[in-house]
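Scroll down for the structure; my scribbles are underneath it.
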Amino acid sequence: MITYEDLSRNANTLLDFCEYPAVQYKVQFTILDVPYEDRGLSLLRKAFLKSDIVEEMYQTQDVNGGWGHFQSKDYSVKAKIPTSSVGIERCLYIGLTAKDRDILFMAEEYLKELLLGTSPEKVREKNERAVPWQRAKVCNLLEAIAPYSPLCDETWHQWLFIAGRAYEDGEYSYEKDKAAQHEVFLTRENRLIPMQSELLLKRREKISMPLENAMLRHLGRHAYENGYFWDKTPDKLPENFKYDKTRRWFKTFQYINQFRGSELYLNSAVDWIMENMQENGLWDWGPQIKDPWGYFGYFSCNRNYRYNRVVDCTIEILDFLKHYIDNNKAL
C-alpha cells in the first residue's frame with residue numbers, strides 16, 4: 001500500500017523540478033495539505049494569483065461568471081475553455097477557492113442563477129431527464145465551491161432518497177432506481193439519469209458506509225470491468241506507459257477513486273502507476289498523449305514550456321494517489 005511518505009517524496013521531487021508558482025501552490029495546498037493560513041503558503045499564494053494560468057481564467061471568464069454555455073460547447077466560438085463546467089473544474093483543480101480574487105466567487109453566482117432559473121442560459125430539454133440531470137451537475141460544482149449550499153439541499157436529498165431505494169438490499173436494483181426516479185422527478189422513461197454518486201459524496205459524512213459500499217461494488221465494479229466511458233478495461237493496461245491513450249485510463253481510475261475502499265478495484269492500477277515512475281521520481285504521458293475530450297492539460301498554459309507533459313502527468317497522478325490514500329487509510 002502506498003503511503004503518505006511515498007506521496008510526499010514524489011511531491012517534493014516535483015517541487016524541486018518545477019518552480020512555476022501555480023505548480024508549487026497546487027502541490028503544497030492540495031496534495032501536501034499545507035493549511036490555507038500557513039505563512040509560507042500565503043506568500044506563495046500572491047505569486048500563484050498573479051500567474052498566467054490564473055490570469056487566463058480571469059481574462060476568459062464572461063460577465064455572467066462562466067465560460068460560455070454550462071455543458072454544450074458553442075462550436076461557432078473558438079475558445080480554449082469550451083464550457084463553463086470545464087472552466088470551473090479547472091479553477092478548482094489548480095487550487096483556487098472562492099476567497100482568491102473573484103473568479104470562483106463569480107462562478108458561484110453563475111451556478112446559483114442556473115439553479116434559481118434567473119440565468120439567461122436555459123437548459124435544452126432534449127428529454128425529460130435533462131433538467132434534473134443538469135441540476136445535479138450544477139449542484140456538484142456549487143458544492144465543490146461552497147459546501148452545503150442551501151440551494152443544493154433539495155437536490156442532494158432527492159438523490160439520497162433515490163440511492164437509498166436503489167441500493168436498499170445492499171445490491172443495485174434497476175427497477176427500484178427507476179421507481180424512485182419516476183416518483184421524485186415525475187419522469188416516465190425507462191432510461192434513467194445516471195446515479196449522482198459524486199454529488200452524494202460531497203456530503204460524505206451524511207452517507208452511510210453500507211450505502212457507499214454498495215455504490216462502490218456496483219458503480220466501481222462497472223467502471224473497472226467496462227472502462228467507464230471507454231470499451232477497454234482497466235485490468236488490461238498498456239505495457240508501455242508512454243502510450244497515446246494512457247491518460248484516458250485516469251478517468252476510469254478517478255471515477256472508482258471517489259469511493260472509500262477503492263483499493264478493491266484500483267490496487268493493480270496503483271502498482272502499475274508506481275512501476276512506471278521514471279528514475280527521476282516523475283511521470284510522463286509521452287509525446288502522443290491525447291486528452292479524453294481533446295482539451296489541454298490543466299497546467300499547460302504556456303504550450304512552449306518543454307516540461308508541460310511531465311508536469312501535467314505527475315500532478316494528475318499525485319492528485320489521484322492523494323485521494324486513493326485518503327479513501328483507503330481507515331479501511
Gap separating the [atom1] atom of [X] from the [atom2] atom of [Y], nearest 0.5 angstrom:
| X | Y | atom1 | atom2 | result |
| --- | --- | --- | --- | --- |
| Leu92 | Thr97 | CG | OG1 | 9.5 Å |
| Leu114 | Glu121 | CG | CD | 5.5 Å |
| His323 | Asp326 | NE2 | CG | 6.5 Å |
| Arg309 | Leu282 | CZ | CG | 12.5 Å |
| Glu212 | Ile207 | CD | CD1 | 7.5 Å |
| Gln24 | Asp16 | CD | CG | 8.0 Å |

Hydrophobic cluster membership, [X] vs [Y], 4.5 Å side-chain cutoff:
| X | Y | answer |
| --- | --- | --- |
| Tyr174 | Ile193 | yes |
| Leu141 | Leu116 | yes |
| Phe105 | Ile145 | no |
| Val131 | Leu186 | no |
| Leu15 | Leu7 | yes |

Would you mind reporting whether [Y] and [X] have side-chain heavy atoms less than 4.5 Å apart?
| X | Y | result |
| --- | --- | --- |
| Pro35 | Leu41 | no |
| Leu321 | Ile31 | no |
| Thr252 | Tyr224 | no |
| Asn327 | Arg204 | yes |
| Pro194 | Trp133 | yes |
| Trp249 | Ile273 | no |
| Ile317 | Trp283 | yes |
| Tyr93 | Lys26 | yes |

Can you tell whether the side chains of [X] and [Y] come within less than 4.0 Å, N to carboxylate O?
| X | Y | value |
| --- | --- | --- |
| Arg9 | Asp6 | yes |
| Lys50 | Glu55 | no |
| Lys322 | Asp33 | yes |
| Arg129 | Glu189 | yes |

Using a distance-only test with no angle check, is there a side-chain donor-acceptor pair under 3.5 angstrom linking [X] and [Y]?
| X | Y | value |
| --- | --- | --- |
| Thr13 | Asn10 | no |
| Ser262 | Asn328 | yes |
| Asn12 | Ser8 | yes |

| field | NZ or CZ of Lys329 within 45° of Tyr324 ring axis and under 6.0 Å | value |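 Not satisfied by the 6.0 Å and 45° rule.
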
| request: Determine, for Tyr58 and Arg101, whether the Lys NZ or Arg CZ falls below 6.0 Å from the six-membered ring centre while staying within 45 degrees of the axis. | output: yes

| field | Test log, rule side chain to side chain contact (heavy atoms under 4.5 Å, CB included), inputs Ser51 and Tyr20 | value | CA-CA 8 Å; Ser51 65; Tyr20 182 44; 4.1 Å; yes

Which pair of heavy atoms, one from [X] and one from [Y], lies closest together, and at what distance?
| X | Y | result |
| --- | --- | --- |
| Arg135 | Thr155 | NE-OG1, 3.2 Å |
| Ala163 | Leu211 | O-CD1, 3.8 Å |
| Leu142 | Ser149 | CD2-OG, 3.4 Å |
| Gln71 | Thr83 | O-CG2, 3.0 Å |
| Arg188 | Glu128 | N-OE2, 2.5 Å |
| Glu108 | Ala98 | OE1-CB, 4.2 Å |

| task | Give a yes or no on whether Glu168 atom CD has more than 12 heavy-atom contacts from other residues, nucleotides or ligands under 6.0 Å away. | result | yes

| task | Answer yes or no: does atom CZ of Phe320 have more than 12 heavy-atom neighbours from other residues, nucleotides or ligands under 6.0 Å? | result | yes

Mark yes or no for whether [X], through its side chain, and [Y], through its backbone, hold a donor-acceptor pair below 3.5 Å.
| X | Y | result |
| --- | --- | --- |
| Asp169 | Glu171 | no |
| Asn127 | Ala130 | yes |
| Asp102 | Met106 | no |
| Asp62 | Gly68 | yes |
| Gln61 | Gly65 | yes |
| Asn64 | Gly66 | no |
| Arg45 | Tyr25 | no |

| Are Trp159 and Phe185 an aromatic pair by the rule of ring centers under 6.0 Å? | yes

| task | Run the ring-centre check on Trp67 versus Tyr110 and record whether the distance is less than 6.0 Å. | result | no

| message | Pair Ser173, Glu175 - check side-chain hydrogen bond (donor to acceptor under 3.5 Å, both in side chains), show working. | response | CA-CA 5 Å; Ser173 166; Glu175 291 300 330; over 6 Å; no

| message | Checking Ile325 against Ile2 for the side chain to side chain contact (heavy atoms under 4.5 Å, CB included) test, could you report, in this order, the C-alpha distance in whole Å, the side-chain angles of both residues, the deciding distance, and whether it holds? | response | CA-CA 7 Å; Ile325 297 170; Ile2 186 172; 3.8 Å; yes

| query | For Asn257 and Tyr265, what are the C-alpha separation, side-chain angles and deciding distance, and is it a side-chain hydrogen bond (donor to acceptor under 3.5 Å, both in side chains)? | reply | CA-CA 9 Å; Asn257 203 32; Tyr265 300 113; over 6 Å; no

| message | Parallel, tilted or perpendicular, judged at 30° and 60°: which one describes the rings of Phe250 and Phe253? | response |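 Perpendicular, since the angle between the ring planes exceeds 60°.
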
| Would you call the rings of Phe241 and Trp272 parallel, tilted or perpendicular if under 30° counts as parallel and over 60° as perpendicular? | tilted

| field | Check against side-chain hydrogen bond (donor to acceptor under 3.5 Å, both in side chains), Ser42 and Glu37 | value | CA-CA 6 Å; Ser42 297; Glu37 299 78 14; over 6 Å; no

Using distance only, find each side-chain donor-acceptor pair of residues 213-221 under 3.5 Å and give its atom names and separation, not counting sequence neighbours.
from, atom 1, to, atom 2, distance (Å)
Asn213, ND2, Met209, O, 3.4
His218, ND1, Tyr167, OH, 2.8
Arg221, NH1, Arg217, O, 2.3

| request: Sort and list the pairs that fulfil salt bridge (Lys or Arg N to Asp or Glu O under 4.0 Å) and have at least one residue in residues 136-145, not counting sequence neighbours. | output: Glu143-Arg203

| message | Quick one, Glu183 with Arg165, criterion salt bridge (Lys or Arg N to Asp or Glu O under 4.0 Å). Give me CA distance, side-chain angles, the key distance, then yes/no. | response | CA-CA 11 Å; Glu183 179 180 342; Arg165 289 278 298 276; 3.2 Å; yes

